[in-house]
2 protein chains.
Amino acid sequence: MADKRADKMTIADVALRAGVSTATAGRVLGGYGYTSKENKEKVRLSAKALGYRPNALARSLITGKTKTIGVVAGDIQSPFYASILRGIADVARAQGFGVLLTNSDELLERELEAVQLLLEKQIDGLIIAPCDTSGSRHLHAAAASGCPIVQIDRRVSGLPADSVTLDNRGAASESVAQLLKAGHRRIGIVAELERWEFGDIETFIDRVIEGSIDPASLFPSWQRLFGYLEAHRAAAICIDRSLIVRVGTYSVTAARSATMELLSRANRPTALFTADGLMSAVAMDAITSLNLQIPSDLSLICFDDLDWMSFLKPGITAIAQPLTEMGEAAARLILARIGGEDGEEQHQVLKHRLALRGSVSVPQDEMV
Amino acid sequence: MADKRADKMTIADVALRAGVSTATAGRVLGGYGYTSKENKEKVRLSAKALGYRPNALARSLITGKTKTIGVVAGDIQSPFYASILRGIADVARAQGFGVLLTNSDELLERELEAVQLLLEKQIDGLIIAPCDTSGSRHLHAAAASGCPIVQIDRRVSGLPADSVTLDNRGAASESVAQLLKAGHRRIGIVAELERWEFGDIETFIDRVIEGSIDPASLFPSWQRLFGYLEAHRAAAICIDRSLIVRVGTYSVTAARSATMELLSRANRPTALFTADGLMSAVAMDAITSLNLQIPSDLSLICFDDLDWMSFLKPGITAIAQPLTEMGEAAARLILARIGGEDGEEQHQVLKHRLALRGSVSVPQDEMV
DNA sequence: GCGGTTTGTGCGAACGTTCTCACAATAGAA
DNA sequence: TTCTATTGTGAGAACGTTCGCACAAACCGC
């Protein structure tokens, strides 16, 4: 038994018991500098006997590295962030890094507090899904002060930081093209589309058509609308503004009522494209409530591949984002920066996978 | 402009610029001790001008508190842990605490490493879903060394630490009773049931029947089997051992083949009880693959309420765990302990909610 | 034997805070 | 006046590490 107060054992105690200086004990335990075999042994034994556990705080204070990366997610509860976080945590753990987690709920104020907290705790790097893609002075400041940042899911324009995003525009465009190819001419889209800083949605549509928008620092849902518009233009099909359902907020109730309204119309669309996981779940709810059959009454392609889409009666064709891979990529980028890599900004744009299942068919009116 | 190197600003720099001692500056910024109004003002101004950000590491080193709680989850990616984590993070944030996250993948070795990492980083408290409910010397050691621990989802026997769990036995028992009441006599159960330290599953069944098992530090899936058995005994119905499908590992493929086998039998059960979210999803997949209709061909009650269960054609009756509440409760407990509360061990057992939907009916053979 | 490298050790100064002292100055009470 | 509180200040010692430096012993080729 002897000593079992594993509590406040310092390197000095270990050194004393081993009969060496604290410096020597530090060297063997920290694995730096030279030490003789005998002393190595003595110190190790002493440390084990005393139940010594290094204090990372003290180490970090002097080395200036905490081996901790901060993560600001939107909402950890969502499968989207949960999977990304999984990827981050895996890579971090493999390198002996810890993950300090906060969520912003997509609220700027909360993001501010979170970043502040993380920086005070001296994280070595920050992975963040930024709320505000235009301003974000706090992120510019953090980057300027030397904290490496990797953006995920979206990019704040002008921020000197790496990013990992999905080709949302391409994915949406491909899916909508799929529906168009099947013969659909009235394709509804349900998307969040909370805010676009440069005007209303009509302006957005006009500017996409005229080709004067750079999708890079758009929010994902806007990029997906972009893809929707692009596919229509490529097929030389006019946009029916009424088929674009802008929920305006990331809420189930708002999404539900908007979707119900769209699908209850006399001239309802023959196909539906949902722009994210929440919209997909809500749309599915609405579809079963209205007793619509997929794909005979309505074709459907969903952004985000949720588990139920594969085992529903006809499987739902869905765009699968490589979420854990995104997290892994982000973690690898941040670790590289922490490791001192100082090349150009890296902007990794990952590709989706279109899971083709049974929710798309020829539109009803053409089937006769 | 002036100074924008928000990087290495220490309290000494602030003090120098304000024309006071570091002690006074510390008092103003740290909010302890006495300071005159004038100095307060001067220091605040100086800090703001220099973009001073306190170094939590240095503070923690001396105060002995990091305002950080460590979390060891099984798999953050699962909706189960994601929701719990959400609850934890919310409560922690509200109190200015950070959350240091790791996952164990239910592997003891990984849990060991995780706990080690967290303790080295000097977390103030630990919330953990322990892998091993019997041994766990590392947790005993951590508790002994003064680190408060809150266990979640399950309890290691004899560990002096609070816990937050669900009444798994009660929930399972109630659900199975529901099926029995509807007239089912052949009720299948699909559960993970990876390990039970005291013997094989037959022994377990026998010992439950004879009433010689304390369910407190059983793994949830075993507690749920316990409830299944209990409900049968209460209804004086014999257990058919062949209806108890032990998957043995938390894997989709194993679960799928086991479930397919069960549902393909000539004398397949008339009702099914799935013991967790993964089993539920897999079972649903199997059911649709086999083209069985719910509830006419098979009644179903699932443990864990997943989003698709509410909007499927007939809704699936499910046991909803109050997950975020569990996380919140755990966080509150740990914060209380960190705050110095030293009463008796607290073991909070939360209640489930049975979401009654359309997946249960009278068994087919009695319907005539 | 002599410089030069390699290997090993201990002292003490960092790191950026908090916190204990000692010490003033002011104010009110006796 | 003189004694106690109250309010304020700064010097300097913690906290538990890492790291620079000085110094020694050993080994090496020549």
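When reading the values below, keep in mind they use all heavy atoms of this one structure, side chains included, and skip hydrogens, waters and symmetry mates. We name chains A, B, ... by the order of the sequence lines, and we start the count at 1 in each one.
- Regarding Ile62(A), its CD1 atom lies at a distance of 6 Å from the P atom of dC19(D), rounded to whole Å.
- Looking at residues two or more places apart in sequence or on another chain, you find a side chain to side chain donor-acceptor pair (under 3.5 Å) between Arg110(A) and Asp105(A).
- For the contact set between residues 28-46 of chain A and DNA chain D, defined by any heavy atom under 4.0 Å, the members are Tyr32(A).
- In the 5' to 3' direction, nucleotides of DNA chain C lying under 4.0 Å from heavy atoms of chain A begin and end at dT7(C) to dG16(C).
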Reading nucleotides 20-25 of chain D from the 5' end, what letters show protein touch, with B for base, S for backbone sugar-phosphate only, - for no heavy atom under 4.0 Å? ------
Test log, rule side-chain contact (heavy atoms from CB on, under 4.5 Å), inputs Ile152(A) and Val71(A): CA-CA 10 Å; Ile152(A) 206 154; Val71(A) 174; over 6 Å; no
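- Distance CG (Leu61(A)) to P (dC19(D)): 12 Å, rounded to an integer number of Å.
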If you look only at distance, which donor and acceptor atoms sit under 3.5 Å apart when one is on a side chain in residues 19-33 of chain B and the other is two or more places apart or in another chain?
{"unit_1": "Ser21(B)", "atom_1": "OG", "unit_2": "Ala23(B)", "atom_2": "N", "d": "3.4"}
{"unit_1": "Ser21(B)", "atom_1": "OG", "unit_2": "Thr24(B)", "atom_2": "N", "d": "3.2"}
{"unit_1": "Ser21(B)", "atom_1": "OG", "unit_2": "Thr24(B)", "atom_2": "OG1", "d": "3.2"}

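- Remark: Gln95(A) pairs with no residue by the side chain to side chain donor-acceptor pair (under 3.5 Å) rule, at least two apart or across chains.
- Scanning for side chain to side chain contact (heavy atoms under 4.5 Å, CB included) contacts around Arg59(B) gives Pro54(B), Thr63(B), with sequence neighbours left out.
- In this structure a side-chain-to-backbone donor-acceptor pair under 3.5 Å is missing from Lys65(A) to Ile123(A).
- Partners of Asn55(B) according to the side chain to side chain donor-acceptor pair (under 3.5 Å) rule, which considers only residues two or more places apart in sequence or in another chain, do not exist here.
- Here dC19(D) presents its P atom at 11 Å from CD1 of Ile11(A), a figure rounded to the nearest Å.
- Proximity of Thr24(B) to the phosphate of dG10(D): a side-chain N or O atom is located under 4.0 Å from OP1 or OP2.
- Under a 3.5 Å cut-off, the side chain of Gln151(A) and the backbone N or O of Val156(A) do form a donor-acceptor pair.
- Between Lys121(B) atom NZ and dT17(D) atom C1' the separation is 14 Å, expressed in whole Å.
- Qualifying side chain to side chain contact (heavy atoms under 4.5 Å, CB included) partners for Glu345(A), counting only residues two or more places apart in sequence or in other chains: Pro160(A), Asp162(A), His347(A).
- Ser46(B) is linked by a side chain to side chain contact (heavy atoms under 4.5 Å, CB included) to Val14(B), Arg17(B), Ala18(B), Leu50(B), counting only residues two or more places apart in sequence or in another chain.
- For Glu111(A), the side chain to side chain donor-acceptor pair (under 3.5 Å) test picks out His138(A), with sequence neighbours left out.
- Side chain of Thr165(A) to main chain of Arg154(A): no donor-acceptor pair is present (N/O by atom type, distance under 3.5 Å, no hydrogens or angles).
- Over its full length, the helix from dG1(C)-dC30(D) to dA30(C)-dT1(D) turns its helical axis through 40°, comparing axes from the five pairs at each end and rounding to 10°.
- Between Arg86(A) and Asp75(B) there is a salt bridge, with a side-chain nitrogen of the basic residue lying less than 4.0 Å from a carboxylate oxygen of the acidic one.
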